[in-house]
Amino acid sequence: MSSTFVSSSNPWFGAALLNWYPRHRRDLPWRHTRDPYAIWLSEVILQQTRVKQGLPYYLDFITTYPTVHDLAAAPQDEVLRHWQGLGYYSRARNMHHTAQQVVQEYSGRFPGTYAELLKLRGVGQYTAAAIASFAYDEQVAVLDGNVYRVLARVFGLAQDIAAPASRKVFQQVADTLIPADQPAEFNQAIMEFGAIQCTPVKPDCLFCPLQSQCYAFQHGLISELPVKSKAKAGRTRYFHYFVLQYEDTLYMRKRGPKDIWEGLYDFALHEADSADLPARTVVDTVEALGGRIDLAQVEEPVQSLRHVLSHQKVEARFHPVKLEAPLTPKALATAGLLPYKASEIESLPKSILITNYISNIGF
DNA sequence: TAATCGTGGAT
DNA sequence: TATCCAAGATT
């Protein structure tokens with residue numbers, strides 16, 4: 001597969017996109033501002049996230065935290081609670097950290113160049129380029145999933161877009177195409193074109209302004225480009241949650257690093273090799289936490305929920321445990337548990353799995 | 001570099 | 001039901 005000649009001396013590509021864009025662009029709130037804070041907020045929210053899913057979160061964040069100072073001053077749990085349900089929670093933690101850094105080290109003003117933006121936690125090459133071009137008109141090309149797809153098809157680039165090494169090829173092409181006088185418009189245009197017209201499945205080639213110039217269309221390779229290697233299948237994990245309750249107190253835990261859902265709250269957890277757990281193990285586990293339970297309670301039906309993540313499946317069983325006495329401070333410290341009233345749990349950030357469980361049993 | 005980090009919608 | 005994948009970043 002050969003590549004079409006690419007050069008800024010071939011301006012048809014940018015001209016076609018910049019003509020297409022104002023006729024097809026969606027009216028989105030972050031397109032009405034040049035405030036780097038608002039743009040940064042929208043870009044982080046939209047990482048690996050569809051506009052339809054991210055939009056309500058953007059409106060909530062920009063309303064709750066109108067400035068970087070407001071976000072920086074908020075507790076992490078509150079920020080994560082607003083992020084709840086959006087996934088990839090490191091984005092929220094990194095975003096919160098960066099807000100505090102911008103306030104403390106940049107006097108509340110975002111860095112003004114691509115190179116400086118790139119240093120911020122949670123801001124990679126794409127997001128730095130997006131902010132730099134949208135807010136400051138810097139001539140640096142964005143490279144997201146849309147751009148990969150459009151460039152691969154139009155110019156017949158067959159490199160594996162899942163391989164990091166392919167990035168430099170696409171980046172070089174994009175950098176060559178982006179015009180000096182309208183970098184922001186070009187970046188918006190090529191992404192919007194990929195999102196609306198040059199879609200992954202069934203792209204609208206019939207009314208495509210690039211059709212006559214498109215390598216993939218002319219060679220019947222639309223469904224073959226871009227080339228993307230498949231990710232390996234994820235593993236299945238078996239979570240046994242012990243929902244410890246004493247009177248109206250429930251015991252929960254803030255999840256730690258190096259695993260899914262860092263920073264979110266769940267219950268005392270025993271991870272096993274199977275979905276079944278011997279009754280004896282249930283008793284032992286609860287007693288190890290400092291709680292006491294009789295075997296009769298173990299027999300009661302437990303709720304099972306399956307949850308699918310990007311790289312693993314979780315099969316969770318929830319074992320409600322009525323305690324005869326509150327957990328001791330020592331037991332709490334050992335297990336990393338914290339006591340909450342039922343009414344307080346709503347405000348804690350939780351995964352969809354835990355939220356669903358609580359919704360099902362209704363406390 | 002390859003693996004990992006969520007969730008929901010489309011096919 | 002299974003698979004893809006969406007305005008990526010981090011380690």
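Just the heavy atoms: all of them, side chains too, but no hydrogens, waters or symmetry mates, feed the values below. We name chains A, B, ... by the order of the sequence lines, and we start the count at 1 in each one. These numbers come from a predicted model, not from an experiment.
- Scanning residues 132-145 of chain A for heavy-atom distances under 4.0 Å to DNA chain C yields Asp144(A), Gly145(A).
- Ionic pairing of Asp266(A) and Lys350(A) is not present here: no N-O contact between side-chain nitrogen and carboxylate oxygen is shorter than 4.0 angstrom.
- Taking the P atom of each, dG6(B) and dT1(C) are spaced 24 Å apart, rounded to whole Å.
- Backbone-only contact: Thr127(A) has heavy atoms under 4.0 Å from sugar-phosphate atoms and none from a base.
- Rounded to an integer number of Å, the gap from CD of Gln53(A) to C1' of dA7(C) is 13 Å.
- Judged by atom type and distance alone, Arg149(A) does not reach the base of dA7(C) through any side-chain donor-acceptor pair under 3.5 Å.
- Residue Tyr89(A) places at least one side-chain N or O closer than 4.0 Å to OP1 or OP2 of dT7(B).
- Distance from the side chain of Arg26(A) is smallest for dA7(C) among the nucleotides dA7(C), dG6(B), dT7(B).
- At a threshold of 4.0 angstrom between heavy atoms, the contacts of Ile352(A) are confined to the sugar-phosphate backbone, with no base atom among them.
- Considering Tyr57(A), Phe61(A), Tyr58(A) in turn, Phe61(A) is the only one that fulfils the ring pair (Phe, Tyr, Trp, His ring centres under 6.0 Å) rule with Trp83(A).
- A salt bridge links Arg237(A) and Asp259(A); the closest N-O separation between the charged side-chain nitrogens and carboxylate oxygens is under 4.0 Å.
- If you check every strand for non-hydrogen atoms under 4.0 Å, Ser90(A) touches nothing.
- Straight-line distance from the CE atom of Met95(A) to the P atom of dT10(C): 14 Å, rounded to whole Å.
- Residue-level contact check: Arg235(A) touches neither bases nor backbone, having no heavy atom under 4.0 Å from any strand.
- Classification of Arg31(A) and Glu192(A) as a salt-bridged pair holds, one side-chain N sitting under 4.0 Å from a carboxylate O.
- Between Trp261(A) and dT7(B) there is a side-chain N or O to OP1 or OP2 distance below 4.0 Å.
- Remark: C1' of dC5(B) and CG of Leu353(A) are 16 Å apart, rounded to the nearest angstrom.
- A salt bridge does not link Lys168(A) with Asp175(A): none of the charged nitrogens is closer than 4.0 Å to a carboxylate oxygen.
- Distance Gln125(A) CD to dT10(C) C1': 12 Å, rounded to the nearest Å.
- Of the candidates dT1(B), dC5(C), dG6(B), the closest approach to any side-chain atom of Lys228(A) belongs to dC5(C).
- Closest to the side chain of Pro164(A), from the set dA7(C), dT7(B), dA2(B), is dA2(B).
- If you take CD1 on Ile178(A) and CG on Asn187(A), they are separated by 4.0 Å, rounding to the nearest 0.5 Å.
- Of the candidates dT1(B), dG8(B), dA9(C), dA9(C) carries the atom nearest the Gln47(A) side chain, counting heavy atoms from C-beta on.
- The aromatic rings of Phe110(A) and Tyr37(A) sit tilted, their planes meeting at an angle between 30° and 60°.
- Within 4.0 Å of Gln312(A), counting heavy atoms only, lie sugar-phosphate atoms of the nucleic acid but no base atom.
- Between Val51(A) and Leu118(A), the one whose closest nucleotide on DNA chain C sits nearer the 5' end is Val51(A).
- Nucleic acid contact for Ile45(A): none, since no nucleic acid atom lies under 4.0 Å from a heavy atom of the residue.
- A salt bridge links Asp284(A) with Arg280(A): the distance from a Lys NZ or Arg NE/NH1/NH2 to an Asp or Glu carboxylate oxygen falls below 4.0 Å.
- Taken residue by residue, residues 182-203 of chain A places no heavy atom nearer than 4.0 Å to DNA chain B.
- A donor-acceptor contact under 3.5 angstrom links the side-chain atoms of Arg50(A) to the base of dC5(C).
- The base of dG6(B) sits within donor-acceptor range of the side chain of Tyr88(A), with an N or O pair under 3.5 Å.
- With respect to Glu346(A) and Arg81(A), a salt bridge is recorded, a charged nitrogen being found less than 4.0 Å from a carboxylate O.
- Nucleic acid contact for Trp30(A): base, since at least one base atom lies under 4.0 Å from a heavy atom of the residue.
- With no hydrogens or angles considered, no side-chain donor-acceptor pair links Thr63(A) and Asp60(A) at under 3.5 Å.
- Among the heavy atoms of the strands, none lies under 4.0 Å from Gly234(A).
- Glu43(A) has its CD atom 9 Å from the P atom of dG8(C), to the nearest Å.
- Within 4.0 Å (heavy atoms only), Leu28(A) reaches at least one base atom of the nucleic acid.
- For the pair Gln48(A) and dG8(C), the criterion of a side-chain N or O lying under 4.0 Å from OP1 or OP2 is met.
- Comparing His311(A) and Ala231(A) by the nucleotide of DNA chain C that holds the closest heavy atom to each, the one mapping nearer the 5' end is Ala231(A).
- Once rounded to the nearest 0.5 Å, the distance linking CD of Glu78(A) with CG of Leu348(A) reads 12.5 Å.
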